[in-house]
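Remarks on the structure that follows.
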Amino acid sequence: MNAMRNLVAACLAFSALSAIPGQAQEAQPPPRNILRPVQLSPAAPADPAKPAESTENTGDASAEAAPKEPVVEVKPCAQGLPALRSQLAFKPGELLEFDMDAMGAKAGKLTMRVQRPANGALPVVVEAQTNTLFSKVRRVRGSATSYLHPKTLRPSRYTEEAVENEQRRKVNVDFGAQDKSVKVDYQIGDRPKGHFDYAFDKDGLDVAGAIYLIRQLPLKKDLPVCFDVYGIRRMWRMTATVVEREHVSLPLGEFDAWHLAGTAVRLDRPSQTRDVHVWITDDERRLPLAAVGAIDLGAVRLTLSGVKRPGEKPLEAQGKEDLKW
């Protein structure tokens, strides 16, 4: 697992789960503390005795499909992404800081920073690093940069560089807007360079930039979301539903937020899926408060712990007790 795999699992793997049925209650529901765990389908080692149609998560998402595994077509998106809100919720200089948990313990830090526009693109940089404790399990540090179109927020290029247990990994991805192509060049350690050619259906995103596009969606209850996304050298189809609007509690403060829930399906191996829950504030900032997903080691969670935006007072944790999983 490299550093960006946490990002794939926790930030961007959405699914078209049904919205919670029933009419809205007049009374305000109690605040949800999203530091508590969300039930997920855990990633599990692939079982050759099980058919490829199994809906269970199946281990290492970077693994090749089995030679005799049947090819199953993933259902295409019924429609493209809706038109984005015109006023951007973020701007150059915004820095988001996240605590990263895995296997029920603090695992490290992750930051997301919006850079100044350059060469017609809006770069977004994501950096992740495990802490001393989790490094005994996996020692990871890495960064990724998504080069977004300033208006459409679709990527033209995505780069990734990570070091896991002293082994370096590099990835360069080029997106073709006209032919909907995704060209992946990568290298792991001293191994020969590799290349993949993919294509996307209606919308093609990357793991780092997708969260910024999601912040611009006209979020509302029952809104369906579907797109293709690059991550872990593979393409995934993400379909999601905005479940409901909730009041959530974090050490950072109290927020009203939209809750999205879903699953990512690997296009070349549909037996591999990732379940995820994400919360986005219902205000002009559209802050990604938290994301919970599954990786090969189990559940992983990102929780917003700091916000710095140009012209605004920084937000930091208020010293509330951090709840255990």
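Atoms considered below: every heavy atom in the structure, side chains included; atoms not considered: hydrogens, waters and symmetry mates.
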Heavy atoms of Asn172 and Arg157 approach each other most closely as OD1-NE, 2.8 Å
Less than 4.5 Å apart, any side-chain heavy atom of Lys109 and any of Glu97?
-> no
Tyr198/Tyr230 aromatic ring centres below 6.0 Å | no
Atom pair CD1 (Ile211) and CG (Leu302), whose distance is rounded to the nearest 0.5 Å | 9.5 Å
Is the shortest heavy-atom distance from the side chain of Trp279 to the side chain of Val292 under 4.5 Å?
-> yes
Check the hydrophobic clustering (I, L, V, M, F, W, Y; side-chain heavy atoms under 4.5 Å; chains of links allowed) and say if Ile232 and Val182 are grouped together.
-> yes
Should His149 and Ser156 be marked as a side chain to side chain contact (heavy atoms under 4.5 Å, CB included) after you check the CA-CA gap, both sets of side-chain angles, and the distance that decides it?
-> CA-CA 7 Å; His149 189 285; Ser156 59; over 6 Å; no
Path from Val307 to Leu289 over hydrophobic side-chain contacts below 4.5 Å | yes
Nearest heavy-atom contact between Phe196 and Arg233 is CD1-O, 3.8 Å
Find the distance between CG (Leu95) and CZ (Arg113) and round it off to the nearest 0.5 Å.
-> 4.5 Å
Sidechain-backbone polar pair: Lys180 side chain, Asp201 backbone, donor-acceptor under 3.5 Å | yes
Name the orientation class of the two ring planes belonging to His277 and His259 (parallel below 30°, tilted from 30 to 60°, perpendicular beyond 60°).
-> tilted
Pair Lys220 + Asp222, salt bridge at N-O below 4.0 Å = no
Sidechain-backbone polar pair: Trp258 side chain, Val242 backbone, donor-acceptor under 3.5 Å | no
Shortest non-hydrogen contact between Glu127 and Ser143, atoms and distance | CG-CB, 3.8 Å
Evaluate the side-chain proximity of Ser181 to Asp174: yes if any heavy-atom separation is below 4.5 Å, no if none is.
-> no
In this structure, CD1 of Ile280 is separated from CG of Leu217 (nearest 0.5 Å) by 9.0 Å
Glu161/Arg168 salt bridge by N-O under 4.0 Å criterion | yes
Is the number of heavy atoms from other residues, nucleotides or ligands under 6.0 Å of Asn119 CG greater than 12?
-> no
CG on Asp179 to CZ on Phe200, rounded to 0.5 Å = 8.0 Å
Contact summary for Leu304 and Pro288, nearest pair of heavy atoms | CB-O, 3.7 Å
Among the clusters formed by ILVMFWY side chains lying less than 4.5 Å apart, do Val248 and Leu219 turn up in the same one?
-> yes
For Asp190, does the CG atom have more than 12 heavy-atom neighbours from other residues, nucleotides or ligands under 6.0 Å away?
-> no
For Ser146 and Ala208, indicate whether the former's side chain and the latter's backbone hold a donor-acceptor pair under 3.5 Å.
-> no
Going by heavy atoms in the side chains, are Cys226 and Lys202 under 4.5 Å from each other?
-> no
Would you call Glu284 and Arg85 a salt bridge, using N to O less than 4.0 angstrom?
-> yes
Stepwise side chain to side chain contact (heavy atoms under 4.5 Å, CB included) test for Glu160 and Arg169 = CA-CA 8 Å; Glu160 183 180 303; Arg169 303 167 184 261; 5.9 Å; no
Side-chain contact, heavy-atom cut-off 4.5 Å: Pro218 with Pro82?
-> yes
Linked, directly or transitively: Tyr158 and Leu267 (ILVMFWY side chains, under 4.5 Å) | yes
Between Arg309 and Glu94, is the closest basic N to carboxylate O distance under 4.0 Å?
-> yes
Between atom CG of Leu287 and atom CG of Leu315, what is the distance when rounded to the nearest 0.5 Å?
-> 7.5 Å
Kindly give the heavy-atom pair with the smallest separation between Lys151 and Leu84, and that separation in Å.
-> O-CD1, 4.1 Å
If we only count heavy atoms from C-beta on, is the Val126 to Leu110 side-chain gap below 4.5 Å?
-> yes
Same apolar cluster: Leu223 and Leu153, side chain cutoff 4.5 Å = yes
Rounded to the nearest 0.5 Å, what's the gap from NZ on Lys170 to CD1 on Ile188? Could you check?
-> 13.0 Å
Under 4.5 Å between any side-chain heavy atoms of Asp203 and Arg154, yes or no?
-> yes
Closest non-hydrogen contact found for Met238 with Val229 is CE-CG1, 2.5 Å
Evaluate the side chain to side chain contact (heavy atoms under 4.5 Å, CB included) criterion for residues Arg285 and Glu312: first the C-alpha distance (whole Å), next the side-chain angles of each, then the deciding distance (0.1 Å), finally the verdict.
-> CA-CA 11 Å; Arg285 300 171 300 176; Glu312 299 180 14; 4.1 Å; yes
After noting the C-alpha distance and the side-chain angles of Arg266 and Asp268, does the key distance pass the salt bridge (Lys or Arg N to Asp or Glu O under 4.0 Å) rule?
-> CA-CA 6 Å; Arg266 182 172 148 180; Asp268 68 328; 2.6 Å; yes
For atom NZ of Lys75, is the number of surrounding heavy atoms from other residues, nucleotides or ligands below 6.0 Å larger than 12?
-> no
With distance as the sole test, does Asp99 use its side chain to make a donor-acceptor pair with the main-chain N or O of Ser305 at under 3.5 Å?
-> no
Quick one: does Gln216's side chain have a donor or acceptor within less than 3.5 Å of a partner on Ala89's backbone?
-> yes
Kindly determine whether Arg215 and Phe90 satisfy side chain to side chain contact (heavy atoms under 4.5 Å, CB included), including the steps that lead there.
-> CA-CA 9 Å; Arg215 292 171 66 182; Phe90 52 87; 3.8 Å; yes
